[in-house]
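Have a look at the structure below before the remarks.
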Amino acid sequence: LEKSGLAEELLETMALLFAKVRGGLAVSVIIVGALMGASTGIVGATVVTMGLLSVPTMLKRKYNSSLATGTVAASGTLGQIIPPSIILVLLGDIMSVPIGELFVGAVIPSLTLVLLYIVYVLIISNLKPELAPLIPQEELDKISKKELYRRVFKVMLPPLVLMLAVLGSIFAGIASPTEAASVGSVGATLLTVAFKKFNKKTFKEVMNTTAQLTSMVFIILIGATTLGLVFRGLDGDALIKTLIDALPFGKWGILFIVMLIIFIAGFFLDFIEITFIHVPVLAPIMISLGVDPLWLAVLIALNLQTSFITPPFGFSLFYLKGVC
């Protein structure tokens, strides 16, 4: 889907749709980032694509560079929490929570996050109008309302249909998450064919990227499992449980500390490493204190989403720096 050029058309059309709103271009970047994230689930792909397409456009429109790059970096990470996301699949596996339930549980928190990003952009753009100038009226007059709505329908429909096909088949109990992933793959391929962007080169690139990502996850998984086995074999988890149990803060205080640990770890570690190293140790402690595992998994996923944009090792920042 990323290779099919749909993202580019989405961005241009959404920018026109929000043209009369101050900060509208940044709002359109957030919405496209959310749709792209939900379609690909891969932060690197979304941030790079959005960076290449939207940063030059925003700078050309005299947007403040910090607002432009910050919006892209933040909206590009939304794929980590909007289902179907990789984090949720990994967390479901590690915490023994049904992945379908996790996807349902993450819908409202992820949409709330998108809404908060939009509210922030609208507030900052109206407080400091120089950060986000409006699109000139002459440019808007070149396109009729009918043509605009036709374009919106054309570019919004494919990603939405794809999301509904993947999530709908899971929510309805027709397919498991693994089977639904194949629905997504076939759907995205058919969309690429429909948009006449399918060719041997694109197909090869997609297969290579998928193989690399899958291999990377499995290599980290093997390393983390080995570390986890040694850690538990030496009673490391029992030691941490004893330390946390001794804290005089009660269930909610301990939950706050666990979330803070994961948040700080996100400044220095990749989300996969945190998921495989920290979560297996911290999650059982919280569950033993009576915290609902499904709710805890969604909380951790939201927390890990920030790890992509927190310096010094925010992956989104490096991806964006690479393309800017």
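Note that this is a predicted model, so its numbers are computed, not measured. Note that these values count all heavy atoms, side chains included, but never hydrogens, waters or copies made by symmetry.
- Shown here are the side chain to side chain contact (heavy atoms under 4.5 Å, CB included) partners of Ala301, two or more places apart in sequence or in another chain: Ile81, Ile87, Leu88, Leu91.
- Interatomic distance, Leu78 CG to Tyr117 OH, rounded to the nearest 0.5 Å: 5.5 Å.
- For Ala73 against Val47, the heavy-atom pair with the smallest separation is O-CG2, 4.4 Å.
- Across every non-hydrogen atom of Thr275 and Val279, the tightest pair is O-CB, 3.3 Å.
- Ser185 and Thr189 get closest at one heavy-atom pair: O-OG1, 2.7 Å.
- Leu116 and Val27 fall into different hydrophobic clusters, where Ile, Leu, Val, Met, Phe, Trp and Tyr residues are linked whenever their side-chain heavy atoms come under 4.5 Å apart, directly or through other members.
- Both Trp295 and Ile262 are part of a single hydrophobic cluster, where members link through side-chain heavy atoms under 4.5 Å apart.
- Here the CD-CG distance, from Glu205 to Asn199, works out to 8.0 Å after rounding to the nearest 0.5 Å.
- In terms of the salt bridge (Lys or Arg N to Asp or Glu O under 4.0 Å) criterion, Lys200 has no residue partners (sequence neighbours excluded).
- Take Thr77 and apply the side chain to side chain donor-acceptor pair (under 3.5 Å) test, not counting sequence neighbours, and it matches Gln305.
- Met259 is connected to Val298 through a chain of hydrophobic side-chain contacts under 4.5 Å among Ile, Leu, Val, Met, Phe, Trp and Tyr, so both are in one cluster.
- Here the side chains of Ile31 and Ile118 are in contact, with some heavy-atom distance below 4.5 Å.
- Between Pro109 and Gly105, the shortest heavy-atom distance links the atoms CD-O, 3.2 Å.
- Atom CG in Asp292 sits 8.5 Å away from atom CD1 in Ile287 (nearest 0.5 Å).
- Across every non-hydrogen atom of Val281 and Ile285, the tightest pair is O-CD1, 3.3 Å.
- For the side chain to side chain contact (heavy atoms under 4.5 Å, CB included) test, residues two or more places apart in sequence or in another chain that qualify with Ile257 are Leu247, Phe249, Ile261.
- The shortest distance between side-chain heavy atoms of Met95 and Ile300 falls below 4.5 Å.
- Using a 4.5 Å cut-off on side-chain heavy atoms (C-beta onward), Ser110 and Pro83 make contact.
- Counting all heavy atoms, side chain and backbone alike, Thr71 lies closest to Ala26 at CG2-O, 3.6 Å.
- In this structure, Asp93 has no side chain to side chain donor-acceptor pair (under 3.5 Å) partners at least two apart in sequence or on a different chain.
- With sequence neighbours left out, the side chain to side chain contact (heavy atoms under 4.5 Å, CB included) criterion links Val21 to Leu122.
- As a member of the Ile/Leu/Val/Met/Phe/Trp/Tyr network built from side-chain separations under 4.5 Å, Ile123 groups with Val119, Leu127.
- Under the rule for a ring-ring contact (aromatic ring centres under 6.0 Å, His included), the partners of Phe271 that lie at least two apart in sequence or sit in another chain are Phe308.
- Placement of Val161 and Ile174 in two distinct hydrophobic clusters is found when ILVMFWY residues are connected by side-chain heavy-atom separations under 4.5 Å, directly or transitively.
- Taking 4.5 Å as the limit, some side-chain heavy atom of Ile82 sits within range of a side-chain heavy atom of Val114.
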Checklist entry - What's the verdict on side-chain contact (heavy atoms from CB on, under 4.5 Å) for Arg61 and Leu25, showing C-alpha distance, side-chain angles and the deciding distance? => result CA-CA 9 Å; Arg61 305 262 185 220; Leu25 184 55; 3.8 Å; yes
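- Between the side chain of Tyr63 and the backbone N or O of Val55, no donor-acceptor pair lies under 3.5 Å.
- Within the hydrophobic cluster formed by Ile, Leu, Val, Met, Phe, Trp and Tyr side chains joined at under 4.5 Å, directly or through other members, Val193 is accompanied by Phe198, Phe203, Met207.
- To the nearest 0.5 Å, atoms NZ (Lys251) and OG (Ser288) are separated by 11.0 Å.
- From Leu67, atom CG reaches atom OG of Ser125 across 5.5 Å, with rounding to the nearest 0.5 Å.
- Placement of Trp252 and Val291 within a single hydrophobic cluster is found when ILVMFWY residues are connected by side-chain heavy-atom separations under 4.5 Å, directly or transitively.
- With a 4.5 Å cut-off between side-chain heavy atoms of Ile, Leu, Val, Met, Phe, Trp and Tyr, the cluster of Leu190 takes in Val186.
- In this view, Phe267 and Phe263 satisfy the ring-ring contact (aromatic ring centres under 6.0 Å, His included) rule, not counting sequence neighbours.
- Counting only heavy atoms from C-beta outward, the side chains of Glu179 and Ser169 never approach each other to under 4.5 Å.
- In this structure a side-chain-to-backbone donor-acceptor pair under 3.5 Å is present from Arg22 to Ala132.
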Checklist entry - Going through the distances and angles, do Asn64 and Glu130 end up as a side-chain contact (heavy atoms from CB on, under 4.5 Å)? => result CA-CA 8 Å; Asn64 174 274; Glu130 71 278 5; over 6 Å; no
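- Between Ile124 atom CD1 and Tyr120 atom OH the span is 4.0 Å, to the nearest 0.5 Å.
- In this view, Lys62 satisfies the side chain to side chain donor-acceptor pair (under 3.5 Å) rule with no residue, not counting sequence neighbours.
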